[in-house]
Structure formats: structure tokens, C-alpha cells
Number of protein chains: 2
Amino acid sequence: MLTATEAAVLGLLADGERSGYDLRRCIEGSVGYFWAPARSQIYAVLPRLVSLGLARRRHVRQETRPDKQLYRITAAGRAALADWLDRPVEPEPGHSVLLLKLFFGDYGDPEAMLEHVRGRRREAEQLKVELLAIEARTTKTEQDRYPALTRRYGLEYAEALIRWAKWAEAQLR
Amino acid sequence: MLTATEAAVLGLLADGERSGYDLRRCIEGSVGYFWAPARSQIYAVLPRLVSLGLARRRHVRQETRPDKQLYRITAAGRAALADWLDRPVEPEPGHSVLLLKLFFGDYGDPEAMLEHVRGRRREAEQLKVELLAIEARTTKTEQDRYPALTRRYGLEYAEALIRWAKWAEAQLR
DNA sequence: ACCACCATGTAACAGGTTACATGATTAA
DNA sequence: TTAATCATGTAACCTGTTACATGGTGGT
């Protein structure tokens, strides 16, 4: 079975031939909000997909730029992606360093705890701005149906976090 | 600097002497909601804390039960914990397999995508019930101030998720 | 002159997981 | 008699990160 990162890369390749470098830029501003592998990880995954027969590599010589490797998804790749997508999603055990620190807040500095909450709120406010900006410049096509779901999730998350943070700040003040 | 798991364990030890086994049970139903190391990980962390001088081990012989190791936090341990708690929280890059699958939903089965959303909603509804139950049986003491913050976060999260899921289900139907 | 962009990859390390291994006691 | 609870640990593996390594082009 695929790992999530392999599936993410296949998913991006499903839209067209791309290099590792291209993928990076595709990721930020879209999937990057909820799945952001390190650069080196992308370059590690691509050859693996090739050796599994899920993608094909094509060497492209360039003169003014360094040469590059373009990857294209295969029929087997599309099948593997579809299979992965349809499998049940495991419940994701939430990891949150913020909550961990707050939970033990009594052993720390009250001022620091307050600042942790404020920081997270600022991040959420920033996220909200970015998502609204993306929303504004996105044309609502048929292909946008699913990505729209994820943006909406982000918005709902950001707003819930802001509400919580305001309440928490009041409690801690 | 401590890892989050080391800090979590120290945090629990700060409340009193405990065995690895005890810690496991402390974790589920409290920190476990946002930080749940594997059992083997707890047993790996404890000796490390001892060798760092942050905890002390005490062997307790038992007759009707297997022997056990009790761990107690040291003064250095409390200092290390406080230091870790007060450090700024890094922005946590969100990982969500659910959103990843949804984002590429076009390449999968629509029925499966709908089921993914429904599944996550059920989990959130369950979480909400659990958190309300904990809330109900908790006496609002001074020590509860910080943990209360994390429960409230969970509630806000669960409710936001349920709202989103209902909306998403309508979109996909 | 300097910085950002294009472009790929390796190596070392970190932080975790699952499975293996053991075995008595007690409640249903 | 079957299963859960008590109780600890090791070993193999996985997935990912950061740091190292290289070097031309084009804009300010």
C-alpha cells in the first residue's frame, strides 16, 4: 500500500508531467496546507514510484538551466492512487504541542502560556486571510469541487481556533 | 532540549511518583487526546530521563504482582520542564490524511469520499460526547484551570468539524 | 557585488511504530 | 476456561527531517 506522501505525489502527477522541483511549488499554496513533505522527501519518493511502475521518468536536457527529470503517472499509478483514496481513513491521533504545554501550564510561566495562545491565534488569523485570498481568486469550476472542501475546512478550523483563543486569553488574563 | 514526549512524561511525573504502566493510564483520558506515545516509547523515555538526571528510579518488589519501577521527578527535572514549557511553540504544519484524500477526490470514488467525511464526523461527535462527560465530572478547582483550556479546545474543534462535515456532506450528495 | 531561482541528490540522524517475548493473578 | 490486568522491556523497521554538496543564470 502507498504511503500518504507517495499518494500525494501521485495525485499531483495525475494532473500532468512534472519535475521534483515543479512538485514543490505545486504543493505550497495547495496541498501544502495539510501535507508538506521536505524537499528531500519528494526526491526520494519519485524514483520509488518509478521502480514500482507507478510513474515513468523522462530526462530533459536544458541549456540555459540545469537538466531535469520529468515524471509522468502510469495507468498502474492511477489505479494505485484510486485504491489508496478509497480506503477508509484511520482516525488521526491528534498531536498538539500547544495543548501539551497548556495542559501542564501550572509548571510554567503564566505570561509564556498566554503568549503561546496569542501566537497560535495570530497564525490562525493569517491562515484565514490566506484562505480567503485563495477563495477570492478561484473560479468555481467542476474540478474545484473537492479542493473547495479542503479550503472550507481550513476556514472553519481557523475560525474555531480564533474563537477558542480569544476565550482562553480572557481566562488567562 | 527535551522532546515533547520527554516533557509530557516529566509533566505527569511532576504530579507524583509513577511507573511506566501508571503513566499509560494517566495518559488515556487526559493528555492522550493530544499526545499519545506508544507504550514502548514510554519505557524508552523513562531511563533516558534518569540518565539525564531529570528523574530518579526506585525498584519496588511485589509479591502478588510483577515488580515495578517507580519514577520521581528531580529538581533538575522540574527546571527542564519549566524551560521547555516557556519556549515558544513552533507553528505546527498540519497533517491530515482526510484532507489529502478529499483534495484528490476526483480521482477516487465519490461514494468513498462521502463516507470518509461521514466517518470523521462520527469521530467528532464521539469526541464531543466524551469531552462533555469529562467536563461534567470535573470539579472546577484552581489546578483545573489549564486542563480546562485544552478540553475547551477539543470541544470547539469537534463542533467546527461537525459543522464542516454536515456542509461537506451536503455538497457531495 | 549579491541574492534568488533553477535543479537534484546523498548522508546522518531523529523520533517514532509494530511485533516479539514473558508470565502470574483475578474477575466473569 | 477465557480474558483482562499487572508489568517491563528489546529489536526491527518506517518515515521523515536537517545538513551537506554543487553550480550556472538573471535580476537589482
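Every heavy atom of this structure was used, including side-chain atoms; hydrogens, water molecules and symmetry mates were not. Naming: A, B, ... by sequence-line order, numbering from 1 per chain. It should be emphasised that the depicted structure is a prediction, and the values quoted were computed from it without experimental measurement.
- Nearest to the side chain of A/Lys68, among D/dC6, C/dG16, C/dA7, sits C/dA7.
- Checked against D/dC6, D/dG9, D/dT15, the side chain of B/Tyr71 finds its nearest nucleotide in D/dG9.
- In the set C/dG16, C/dT26, D/dG26, C/dT26 carries the atom at the smallest distance from any side-chain atom of B/Thr64.
- Of the listed nucleotides (D/dG24, D/dA7, C/dG9), C/dG9 has the atom at the smallest distance from the side chain of A/Gln69.
- DNA chain C is contacted by A/Ser19, A/Gly20, A/Tyr21, A/Arg25 of residues 8-30 of chain A, taking any non-hydrogen atom closer than 4.0 Å.
- Every residue meeting the ring-ring contact (aromatic ring centres under 6.0 Å, His included) condition with A/Tyr153, not counting sequence neighbours, appears here in chain and number order: B/Trp164.
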Practice task
Quick one: do A/Val31 and A/Thr150 satisfy side chain to side chain contact (heavy atoms under 4.5 Å, CB included)? Show the steps, please.
Solution key: CA-CA 9 Å; A/Val31 239; A/Thr150 67; over 6 Å; no

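- Across all strands shown, A/Ala4 has no heavy atoms under 4.0 Å from either base or sugar-phosphate atoms.
- Minimum atom distance to the side chain of A/Arg57 is reached by C/dG9, of the listed C/dC5, C/dT17, C/dG9.
- Looking at B/Arg120 and B/Glu123, a side-chain N of the basic residue comes within less than 4.0 Å of a carboxylate O on the acidic one, giving a salt bridge.
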Practice task
Tell me, with the steps shown, if B/Arg151 and B/Glu130 meet salt bridge (Lys or Arg N to Asp or Glu O under 4.0 Å).
Solution key: CA-CA 10 Å; B/Arg151 292 197 300 274; B/Glu130 285 173 34; over 6 Å; no

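- For DNA chain C, the neighbouring residues in residues 39-55 of chain A, judged by any heavy atom under 4.0 Å, are A/Arg39, A/Ser40, A/Tyr43.
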